[in-house]
Undergrad: 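First, the structure itself, so that you have it in front of you.
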Amino acid sequence: AMAELAGKGDALRRSFSNLATSAGESSDRILVALRRGTAGTVSDFRLIQEANRAVISGLPASADKLEELARVARGLGQAVGIDATEAIQRMVRGISKQEIELLDELFGGSVKFNDILKKLGSTATSTEKQMAIYNAVLSVGKQRVEEMGGATETFADRMAGARANIDNFKEGLGRKLIPVLEKLIPIAIEAADALRKLFNIDEISADPVNDEIKKLKGQIQDLTNQR
């Protein structure tokens, strides 16, 4: 699991760096800003996923704007009983794909997003609709969070922070081990092939050993493909 997470995280971070650069921003600055916006309650892997989705969708990608979005998501999430990871996922997807029902769950139906879209008229482009929703989310969302006194640290937040730190540790350790794993992959594949030939596994389709070795080879090949 650690190797799989590391492989995915490595590819994700490469994309993150490239996307941030294309948006004229630093990936390190964005990640630090998102950590602040979510008060460390979301793993780096999840934060980078949502940052990539936001940039690809054309949302404002400066570190400051993404931090604002994360802060609003966390505050509204607390108000409706969902954690920051789920809240930021809903917010980014709701804005970028104009899935109003996801935003309604965060705002409790207090913002008439469909009315905002109707006012734009039938000639409005998808980008114009997206930005109208984005602006409404930030302006009203910041006001709502301020009225609530801002997001507060709860026991659930401390638990989420602990999980995020553990996930970050596992991913970081896995990425450190990638060079070692890359050297072991050919050896493991050769060993799996040797066992297959030794036990004539190709002829014993029901043998559980066959299933386990095929599973191992598949996992090794997946890790190879991620590189």
Side-chain angles (χ1 to χ4, degrees), residues 5 8-9 11-20 22-23 25 27 30-120 124-145 148 151 156-157 160 163-164 167-168 171:
L5 179 63
K8 290 180 179 178
L12 196 68
R13 285 172 183 270
R14 290 172 187 269
S15 299
F16 181 44
S17 179
N18 292 335
L19 287 169
S22 71
E25 188 53 279
S27 58
I30 290 176
L31 184 56
V32 169
L34 286 171
R35 287 172 181 162
R36 281 197 304 265
T38 56
T41 58
V42 181
S43 71
D44 288 351
F45 184 90
R46 297 299 180 191
L47 290 176
I48 292 172
Q49 270 189 326
E50 296 312 315
N52 283 355
R53 288 189 179 115
V55 176
I56 289 171
S57 300
L59 297 182
S62 72
D64 291 341
K65 288 296 184 183
L66 288 171
E67 181 178 350
E68 274 188 332
L69 201 66
R71 200 178 300 279
V72 168
R74 178 177 175 243
L76 294 176
Q78 275 194 348
V80 296
I82 61 176
D83 62 30
T85 299
E86 186 177 352
I88 195 169
Q89 286 174 342
R90 291 188 185 193
M91 187 163 284
V92 171
R93 183 170 177 174
I95 297 171
S96 62
K97 295 192 174 183
Q98 298 165 38
E99 295 187 14
I100 305 303
E101 65 277 6
L102 293 179
L103 298 175
D104 283 342
E105 292 170 3
L106 288 171
F107 284 87
S110 62
V111 182
K112 305 301 180 185
F113 291 105
N114 283 319
D115 290 345
I116 292 172
L117 294 178
K118 286 178 183 177
K119 288 180 181 178
L120 292 176
T125 64
S126 178
T127 299
E128 289 171 336
K129 292 177 181 178
Q130 179 176 281
M131 287 309 300
I133 294 173
Y134 170 83
N135 290 330
V137 164
L138 271 192
S139 62
V140 179
K142 284 193 289 187
Q143 182 182 343
R144 292 284 188 275
V145 173
M148 294 185 298
D157 284 331
R163 286 194 300 269
D167 288 343
N168 290 343
E171 187 209 341

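Throughout, numbering of the chain's residues begins at 1 and tracks the sequence. Small disclaimer: the values here were computed from a predicted structure and weren't measured. All heavy atoms count here, side chains included; hydrogens, waters and symmetry mates do not.
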Undergrad: Could you name each residue pair satisfying side-chain hydrogen bond (donor to acceptor under 3.5 Å, both in side chains) that touches residues 51-65, not counting sequence neighbours?
TA: Glu50-Arg53
Undergrad: Scan residues 55-79 for pairs that pass ring pair (Phe, Tyr, Trp, His ring centres under 6.0 Å), counting only residues two or more places apart or in two chains.
TA: none
Undergrad: Just jot down the ring-ring contact (aromatic ring centres under 6.0 Å, His included) partners of Phe107, sequence neighbours excluded, or say none.
TA: Phe113
Undergrad: My understanding is that only residues two or more places apart in sequence, or in another chain, count here; which of them pass salt bridge (Lys or Arg N to Asp or Glu O under 4.0 Å) with Asp157?
TA: Arg74
Undergrad: Who are the side-chain contact (heavy atoms from CB on, under 4.5 Å) partners of Ala63, not counting sequence neighbours?
TA: Glu25, Arg29, Ile30, Ala33
Undergrad: Cut-off 3.5 Å, no hydrogens considered: what does the side-chain donor-acceptor table look like for residues 83-90, sequence neighbours left out?
TA:
residue, atom, partner, partner atom, Å
Asp83, OD1, Thr85, N, 3.2
Asp83, OD1, Glu86, N, 2.8
Glu86, OE2, Arg90, NE, 3.0
Glu86, OE2, Arg90, NH2, 2.3
Arg90, NH1, Glu105, OE1, 2.3

Undergrad: If the condition is salt bridge (Lys or Arg N to Asp or Glu O under 4.0 Å), which residues does Lys97 pass it with, not counting sequence neighbours?
TA: none
Undergrad: With Arg36, which residues qualify under side chain to side chain donor-acceptor pair (under 3.5 Å), at least two apart?
TA: Glu67
Undergrad: Salt bridge (Lys or Arg N to Asp or Glu O under 4.0 Å): which pairs involve residues 132-145, sequence neighbours left out?
TA: Glu68-Lys142
Undergrad: Does any pair with a residue in residues 54-75 pass ring pair (Phe, Tyr, Trp, His ring centres under 6.0 Å), and if so which ones, sequence neighbours excluded?
TA: none
Undergrad: Nearest 0.5 Å please: distance from the CD1 atom of Ile48 over to the CZ atom of Arg13.
TA: 4.0 Å
Undergrad: Listed by chain and number, what are the side chain to side chain donor-acceptor pair (under 3.5 Å) partners of Gln49, not counting sequence neighbours?
TA: Arg46
Undergrad: In chain order, what residues pass the salt bridge (Lys or Arg N to Asp or Glu O under 4.0 Å) check against Glu99, with sequence neighbours excluded?
TA: Arg93
